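Please read the structure below before turning to the comments.
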2 protein chains.
Amino acid sequence: MTEHSNDHTSQSEHNHSHCIEQALETAESLCAEHGQRLTKVRRRALELIWQSHRPLGAYQLLAKLAEEGFNSAPPTVYRALEFLLSAGLIHKVESMNAYLGCAHADKPHKGYFLICDECQNVMEFDYQDIHKILIDKAATQGFQLRSETIELTGLCSSCQNGDDEGGCK
Amino acid sequence: MTEHSNDHTSQSEHNHSHCIEQALETAESLCAEHGQRLTKVRRRALELIWQSHRPLGAYQLLAKLAEEGFNSAPPTVYRALEFLLSAGLIHKVESMNAYLGCAHADKPHKGYFLICDECQNVMEFDYQDIHKILIDKAATQGFQLRSETIELTGLCSSCQNGDDEGGCK
DNA sequence: AACAAGAATGTTATTTTGTAACATTCTTGT
DNA sequence: ACAAGAATGTTACAAAATAACATTCTTGTT
Ligand SMILES: [Zn+2]
Ligand SMILES: [Zn+2]
Ligand SMILES: [Zn+2]
Ligand SMILES: [Zn+2]
């Protein structure tokens with residue numbers, strides 16, 4: 001996987017619905033490929049997560065699902081999240097207890113995030129170099145790496161410029 | 001700050017009480033230096049966190065404090081944790097919701113962690129290279145870094161060898 | 001179509017983690 | 001002694017996640 005910047009969460013006015021469609025298509029085909037079922041809740045959960053420009057909390061998602069007639073008990077949403085996570089379709093941002101659609105689900109990877117403290121927009125970035133360095137670093141301690149949580153916070157360029165405090169909410 | 005491996009949490013049988021004393025001394029002098037008060041709860045909280053070989057949850061800590069006659073309401077422990085965190089005397093491991101003593105509180109830094117999935121031992125490591133790379137990487141996106149959450153999980157060497165599943169608990 | 005097995009969802013209750021808000025007490029400088 | 005701010009006590013609650021068990025939905029097989 002090459003370096004990329006996932007700008008679906010930036011303040012740009014691109015047609016986000018394209019991203020969403022793309023993500024859902026990818027999800028459909030990945031699930032088909034692996035014999036997994038992208039059921040109604042799961043699909044809708046994924047879509048709702050994508051529709052949010054910033055990471056969505058489990059209970060925020062649950063509320064949205066409930067509005068639409070889905071069951072409104074926590075296990076519903078946590079099961080959907082678990083499925084989407086294990087399918088690599090979303091990431092969890094540990095430091096926010098929130099979930100984010102992944103635009104590169106077809107290429108298994110660790111999510112590295114840049115999180116703006118001001119507008120809460122999140123940019124996923126890929127940096128193979130860092131990944132390699134971390135693996136090596138761990139190896140020198142005899143440590144065998146499994147998962148990586150890399151979440152950087154700070155100020156995005158828009159918020160530094162006082163643009164409009166983070167663009168579209 | 002140079003590279004180091006904080007092995008106070010490893011399975012080695014070193015005299016951990018030395019680490020604790022050291023940490024408390026550092027804490028005392030740092031607080032004095034900055035005109036902050038290392039009160040009884042705060043001091044004891046720090047000590048208890050250090051006495052645990054693995055990251056300690058807020059409510060685990062609260063229970064221990066309560067046993068010793070301290071107030072047993074959540075705010076007590078969260079206030080102590082907040083103080084210790086902001087003083088740089090402990091780190092929070094986001095992916096575990098748990099807290100860990102820092103052996104290098106005198107040199108302000110971000111906590112980078114290697115967490116064993118098996119024995120839950122945590123090793124703090126420093127890697128100035130990574131820090132620099134991340135800052136640069138963020139900068140190329142116009143992003144100004146503030147905090148870094150870097151938590152790697154996997155298997156420590158002991159657990160790979162099936163040593164004794166993580167040493168002392 | 002009938003059936004069985006496993007996957008997915010429904011339901012209820014509880015646990016774990018973390019805060020808000022306001023009252024009281026302690027510390028320090030005057 | 002006094003005032004101001006820091007720290008702690010207290011009560012209540014919010015937010016995030018899971019346990020356990022019942023029910024329903026799918027899918028392949030007979
Ligand atoms: Zn991703
Ligand atoms: Zn921003
Ligand atoms: Zn540290
Ligand atoms: Zn281990």
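What you see is a predicted model; the values in this text were computed from it and never measured. In what follows, chains carry the letters A, B, and so on, assigned in the order in which the sequence lines appear, proteins first and then strands, with residues in each chain numbered from 1.
- Put simply, CZ on Arg44(B) is 16 Å from P on dT8(D), counting in whole angstrom units.
- Residue Phe70(B) contributes atom CZ, which lies 19 Å from atom P of dT25(C) at whole-angstrom precision.
- At a cut-off of 3.5 angstrom, the base of dG18(C) holds no donor-acceptor pair with the side chain of Arg79(B).
- Distances were taken from every side-chain heavy atom of Pro75(A) (C-beta onward) to each of dG10(C), dA16(D), dT12(C); the shortest belongs to dT12(C).
- Looking at Ser52(A), its side chain never comes within 3.5 Å of a backbone N or O of Ile49(A) through a donor-acceptor pair.
- A heavy atom lying under 4.0 Å from DNA chain C marks the following residues of residues 80-93 of chain B, by number: Lys92(B).
- Within the 4.0 Å cut-off from OP1 or OP2 of dT8(D), at least one side-chain nitrogen or oxygen of Arg42(B) is found.
- Ranking dT11(D), dG18(C), dA7(C) by closeness to the Ala73(B) side chain, first place goes to dT11(D).
- Checked against Arg146(B) for a side chain to side chain contact (heavy atoms under 4.5 Å, CB included), the options Leu152(A), Ile115(A), Asp117(A) give a single hit: Asp117(A).
- A tilted orientation is assigned to the rings of Trp50(B) and His16(B), their planes being inclined by 30° to 60°.
- The distance from atom CE of Met96(A) to atom C1' of dG18(C) is 16 Å, rounded to the nearest whole Å.
- Counting only N and O atoms by type, the side chains of Ser95(A) and Thr149(B) include no donor and acceptor under 3.5 Å apart.
- Take the nearest nucleotide of DNA chain C for Arg37(B) and for Ala98(B): the residue whose nucleotide is more 5' is Ala98(B).
- Among the duplex regions that DNA chain C forms, those built from at least three successive Watson-Crick or G-U pairs under 3.5 Å are C:1-30 with D:1-30, ordered by first number.
- In this structure, Thr76(A) contributes its side chain and Ser72(A) its backbone to no donor-acceptor pair below 3.5 Å.
- Atoms CG (Asn97(A)) and P (dT17(C)) sit 11 Å apart, rounded to a whole Å.
- The distance from atom CG of Leu62(B) to atom P of dT8(D) is 14 Å, rounded to the nearest whole Å.
- The listed nucleotides are dA17(D), dT17(C), dA7(D); the one nearest the side chain of Tyr78(A) is dA17(D).
- Remark: ring of Tyr59(B) stacked against base of dT17(C); centroid gap under 5.5 Å, plane tilt under 30°.
- With no hydrogens or angles considered, no side-chain donor-acceptor pair links Glu151(B) and Tyr112(B) at under 3.5 Å.
- If you take NZ of Lys40(A) and P of dC25(D), they are 10 Å apart, rounded to a whole angstrom.
- Contacts of Asn71(B) with the nucleic acid, taken as non-hydrogen atoms under 4.0 Å apart, include base atoms.
- A salt bridge does not link Glu67(B) with Lys64(B): every distance from a Lys NZ or Arg NE/NH1/NH2 to an Asp or Glu carboxylate oxygen is 4.0 Å or more.
- Atom CD in Glu94(A) sits about 14 Å away from atom C1' in dT17(C), given to the nearest Å.
- Side chains of His109(B) and Glu124(B): a donor on one and an acceptor on the other come within 3.5 Å.
- When heavy atoms are screened at a 4.0 angstrom cut-off, Tyr99(A) is found touching the sugar-phosphate backbone but no base atom.
- Proximity note for Pro74(B) (side chain, C-beta onward) versus dT10(D), dT9(C), dT19(C): the nearest is dT19(C).
- One atom, CG of Leu38(A), and another, P of dT9(C), lie 10 Å apart when rounded to the nearest Å.
- No salt bridge links Glu82(B) with Arg79(B); every basic N to acidic carboxylate O contact stays at or beyond 4.0 Å.
- Under a 3.5 Å cut-off, the side chain of Arg42(B) and the backbone N or O of Arg37(B) do form a donor-acceptor pair.
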